[in-house]
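Just so you know, these numbers come straight off a predicted model, no measurement behind them. Just so it is clear, the values below take in all heavy atoms, side chains as well, and ignore hydrogens, waters and symmetry mates. Per chain, numbering begins at 1; letters A, B, ... match sequence-line order.
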Number of protein chains: 4
Amino acid sequence: MIINLDMQSELPIYSQLVYQIIEGVASGELQLGEALPSVRNLAADIGVNLHTVNKAYTLLKQDGYIQIHRQKGVVVNPDGMPPVTDDFLNKQRQELRPIIAEALCRGMSKEELSTVLSDIYEEIKHPY
Amino acid sequence: MIINLDMQSELPIYSQLVYQIIEGVASGELQLGEALPSVRNLAADIGVNLHTVNKAYTLLKQDGYIQIHRQKGVVVNPDGMPPVTDDFLNKQRQELRPIIAEALCRGMSKEELSTVLSDIYEEIKHPY
Amino acid sequence: MIINLDMQSELPIYSQLVYQIIEGVASGELQLGEALPSVRNLAADIGVNLHTVNKAYTLLKQDGYIQIHRQKGVVVNPDGMPPVTDDFLNKQRQELRPIIAEALCRGMSKEELSTVLSDIYEEIKHPY
Amino acid sequence: MIINLDMQSELPIYSQLVYQIIEGVASGELQLGEALPSVRNLAADIGVNLHTVNKAYTLLKQDGYIQIHRQKGVVVNPDGMPPVTDDFLNKQRQELRPIIAEALCRGMSKEELSTVLSDIYEEIKHPY
DNA sequence: GTGGTCTAGACCACC
DNA sequence: GTGGTCTAGACCACT
């Protein structure tokens, strides 16, 4: 899987890592139970610090996206992805709110927004 | 207009300010051309430093949401809001992408996402 | 003569006034010895404070562009415009330097810059 | 690179910094991709507050002259300088206009002005 | 009274 | 170590 980092982004590198792995699962490029590179290997591959990869993996584990086994290494959670909890929905709304407010302000209609959302949805699901 | 700040949030205070003012315009609570509080007044009202407010105002001005008149004060841009540029759409997609990837991963359908979006859209537009 | 002020410009209003009057003389719209509106009238016409107009006139007088007579009012200096002094040339170079550096940085050639300069020169001289 | 600040100038210190760095790039003293001093180092070197340097760097970043890498430092944009956009040309004309009007008023010919411009252009390009 | 600038000094996240 | 954010308090130009 190809990881694409923007070193100038305001987003921390570990967050970018988290999102790229989540997107990998969302697109099907990463299967449930599939092994991920070790912290050490991934860090070397993408040229970032060990701590950075570690932080990303730890966050992914906390949210239930991956499992970290002492010896076997890191795998995408074979029991499936975390469910849509109320906490998640609240967080999602908080993140969407300012984006939608800005769009509304600039005159985008609900339909236009829906189209953008739908576009991205399909783009992630079928990245080929 | 009521400003609601979360001092514990990971979002910088000035960003929260920016979004709340944008939402104020989006909801119609702030009219085009309407005066905003002076830097110092707003800072005192919400209990933050004047530089923090200043930064928020400066960002809003850069994006064309407000005008800062020399020694007269700050007003919502009377010439209307900034348009939907390609830059804006790109930025919007970049912000939406990880949110949608996460939703997809957890099994939300496109329709469910659209409903959430629609909900928030109306919530902002009709906050009563 | 039509005065055009930009209340949002970073340039102080009195400076804008100074430049517009200088441009009026440069274009020939204002003749040597021609009367300018009184401080009071001009302030009322363009909707700014008396002090602002006063400051502009005072600066113009200091540089020798106009004369201010107690009773007769304000006139464009009938003895001609101030000469090209070394001080003026130094000030001019200081002002031009950052503009030219920026142009050079972005890849404008000396010829392109000269064309822009020539354009503006003619535009001011023949504003019709 | 030697930075020369005039603390008495009407130009804000951060603007002087911006222009000096742009001139450094224009003259070739600063190469594309070259590292600039950290905010704190530069501030200490030239004896100003770190916020002042920060503001200069932020402005340079906004215009595309430099890149600010997360926790790694500041470099001259390795992808080249920002292009000559219409916005830039408009801003340039606005800045040149009053300077040219004044010169015209005092009787400088187009050729004299062109010579001054050419002088400064070469002076910046070949500062030795 | 307005925003613009500057200082001094602090804490934080990231790497 | 880096930049990002925030505070407190000051002076200035402009209107």
Quickly work out the C:Glu10 CD to E:dT2 C1' distance and round it to whole Å.
17 Å
Which base, if any, makes a Watson-Crick or G-U wobble pair with F:dA13, both distances under 3.5 Å?
E:dT2
Between F:dT7 and B:Thr52, is there an OP1 or OP2 to side-chain N/O distance shorter than 4.0 Å?
yes
Please compare B:His69 and D:Val48 by the position of their nearest nucleotide in DNA chain E and report the one closer to 5'.
B:His69
Around atom NZ of C:Lys61, are there more than 12 heavy atoms from other residues, nucleotides or ligands closer than 6.0 Å?
no
Can you figure out which of F:dT5, E:dT2, F:dT2 approaches the side chain of D:Asn41 most closely?
F:dT2
Is the side chain of D:Asp63 donor-acceptor paired with the backbone N or O of D:Tyr65 at a distance under 3.5 Å, no angle test?
no
Could you tell me whether the side chain of B:Met81 reaches within less than 4.5 Å of the side chain of B:Val76, counting heavy atoms only?
yes
When you measure from the side-chain N and O atoms of A:Tyr14 to the phosphate of E:dC15, is any distance below 4.0 Å, counting only OP1 and OP2?
no
On the nucleotide E:dC14, are OP1 or OP2 found under 4.0 Å from the side-chain N or O atoms that A:Lys55 carries?
yes
What are the two closest non-hydrogen atoms of C:Gln92 and D:Ala103, and how far apart are they?
NE2-CB, 3.4 Å
Taking 4.0 Å as the cut-off, does a side-chain nitrogen or oxygen of D:Asn54 come that near to OP1 or OP2 on F:dG4?
yes
Among the candidates E:dC15, E:dC6, F:dG4, find the nucleotide nearest to the side-chain atoms of D:Ile68.
F:dG4
Which nucleotide, F:dT7, E:dG3, F:dG3, lies nearest any side-chain atom of B:Ser38?
E:dG3
Just the rounded figure in Å: distance from P of F:dT5 to CG of B:Leu11.
10 Å
Atom CD of D:Gln16 and atom C1' of E:dG4 are separated, to the nearest Å, by 15 Å
To the nearest Å, how far apart are D:Asn49 CG and F:dG9 C1'?
13 Å
Could you tell me whether D:Val74 contacts a base, only the sugar-phosphate backbone, or nothing, with contacts defined as non-hydrogen atoms closer than 4.0 Å?
sugar-phosphate
note: B:Arg40, atom CZ; F:dC12, atom C1'; distance rounded to Å ~ 11 Å
By nearest atom, which of the nucleotides F:dT15, E:dT7, F:dG9 is closest to the B:Leu50 side chain?
F:dG9
What is the separation between atom CG on A:Asp6 and atom P on E:dC15, rounded to the nearest whole Å?
12 Å
Rounded to whole Å, CD of C:Gln8 lies from P of E:dG3 at a distance of 14 Å
Figure out the NE2/C1' separation between D:His51 and F:dC6, and round it to whole Å.
8 Å
Using every non-hydrogen atom in the two residues, find where C:Ile124 and C:Ser27 come nearest and quote the distance to one decimal.
O-CB, 3.1 Å
If you find the nucleotide of DNA chain F closest to B:Gly47 and the one closest to D:Thr58, which residue's nucleotide is nearer the 5' end?
D:Thr58
